[in-house]
Protein chains: 2
Amino acid sequence: METDVYAKNCPSRQVLDRIGDAWSVLIVSSLKDGSLRYTELAQRINGVSPKMLTQTLRGLERDGIVTRTVHAVVPPRVDYALTTLGRSLLGLCNALQDWAELHIGDVLDAREAYDSRP
Amino acid sequence: METDVYAKNCPSRQVLDRIGDAWSVLIVSSLKDGSLRYTELAQRINGVSPKMLTQTLRGLERDGIVTRTVHAVVPPRVDYALTTLGRSLLGLCNALQDWAELHIGDVLDAREAYDSRP
DNA sequence: CGGCATCCCCCGGGATACTG
DNA sequence: CAGTATCCCGGGGGATGCCG
């Protein structure tokens with residue numbers, strides 16, 4: 001198959017969009033040690049609205065990156081976990097966060113220098 | 001410094017946003033072999049509007065990831081190149097694209113399966 | 001050639017309230 | 001508890017037109 005991310009209509013662009021989505025990255029990273037419930041994800045990921053959490057989880061499920069397991073109990077319980085495909089993303093997500101935490105200082109310095117220019 | 005990407009107001013979130021931006025990834029990758037002119041970038045990156053190209057380049061420059069060099073000639077010539085900080089991103093960008101090109105098939109299959117479910 | 005500036009539209013996404 | 005439904009707003013981002 002022809003996969004050129006520079007091409008406008010290449011589906012790999014959509015993959016970039018998904019991975020690029022900040023919520024996706026945070027969700028995948030949160031699930032690295034095992035499954036979590038909906039509420040646990042919501043607490044863990046500071047600032048995500050229920051709408052975006054659900055929406056992103058549905059997208060990840062559709063893309064075969066997470067599984068959604070409903071337990072028939074009261075109160076309801078829904079677990080989310082990574083698939084094999086999802087686990088293959090962990091290295092990337094970790095690298096992303098590592099870079100961010102390692103170079104955030106440089107970036108902030110560069111911004112300050114840029115903004116204080118005539 | 002406290003760097004927790006799960007925290008709402010952590011600046012590393014902004015780094016995630018920048019790297020997550022599809023245009024940023026494509027620009028950084030395009031510059032891996034050396035500097036390019038504005039028009040060359042526009043041609044290389046299919047589907048980007050002038051506005052977004054300029055805007056993204058400004059953001060990358062502000063964040064210390066690319067340099068912008070204006071040559072005083074007619075017609076004008078502006079070269080963009082990666083900084084050291086920008087070059088440190090190359091591994092990440094390549095990994096991102098590699099993953100996309102490697103797993104795009106799995107993702108598309110998962111989507112089809114998901115969409116054709118009752 | 002390499003941009004800003006402006007207009008304008010559309011929808012991403014937050015807040016809130018309600019259900020199985 | 002785990003969502004859906006609804007409303008609503010800001011701004012992302014395309015198109016177009018003008019400068020140095």
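A, B, ... follow the sequence lines: proteins, then strands. Residue 1 opens every chain.
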### Task
Go through the steps for B:Q55 and B:K51 under the test side chain to side chain contact (heavy atoms under 4.5 Å, CB included), then give the verdict.
CA-CA 6 Å; B:Q55 189 171 303; B:K51 174 177 174 179; 3.8 Å; yes
### Task
Kindly indicate, with the supporting measurements, whether the criterion salt bridge (Lys or Arg N to Asp or Glu O under 4.0 Å) is fulfilled by B:D79 and B:R77.
CA-CA 7 Å; B:D79 284 334; B:R77 175 192 181 93; 3.4 Å; yes
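Among residues two or more places apart in sequence or in another chain, the side-chain hydrogen bond (donor to acceptor under 3.5 Å, both in side chains) test is passed with B:D33 by none.
Rounded to an integer number of Å, the gap from A:R77 CZ to D:dG3 C1' is 16 Å. In this structure, CG of A:D79 is placed 10 Å from P of D:dG3, rounded to the nearest angstrom. Rounded to a whole Å, the CG atom of A:D21 is 18 Å from the P atom of C:dC11. Between the CD1 atom of A:I45 and the C1' atom of C:dG13 there is a distance of 16 Å, rounded to whole Å. We find that CG of A:L36 is positioned 15 Å from C1' of D:dC1, with the value rounded to whole Å.
Annotation: side chain of B:Q97 is in contact with side chain of B:V25 (closest heavy-atom distance under 4.5 Å).
DNA chain D lies under 4.0 Å from at least one heavy atom of each of the following residues of residues 50-72 of chain B: B:K51, B:M52.
For the OP1/OP2 pair of D:dA2 and a distance below 4.0 Å, the side-chain nitrogens and oxygens of A:R37 include at least one atom meeting the criterion. Residue B:Y38 places no side-chain N or O under 4.0 Å from the OP1 or OP2 atom of C:dC4.
The number of heavy atoms from other shown groups lying within 6.0 Å of CD (A:E40) is above 12.
For the residue pair B:T69 and B:Y80, no side-chain donor N or O sits within less than 3.5 Å of a side-chain acceptor on the partner.
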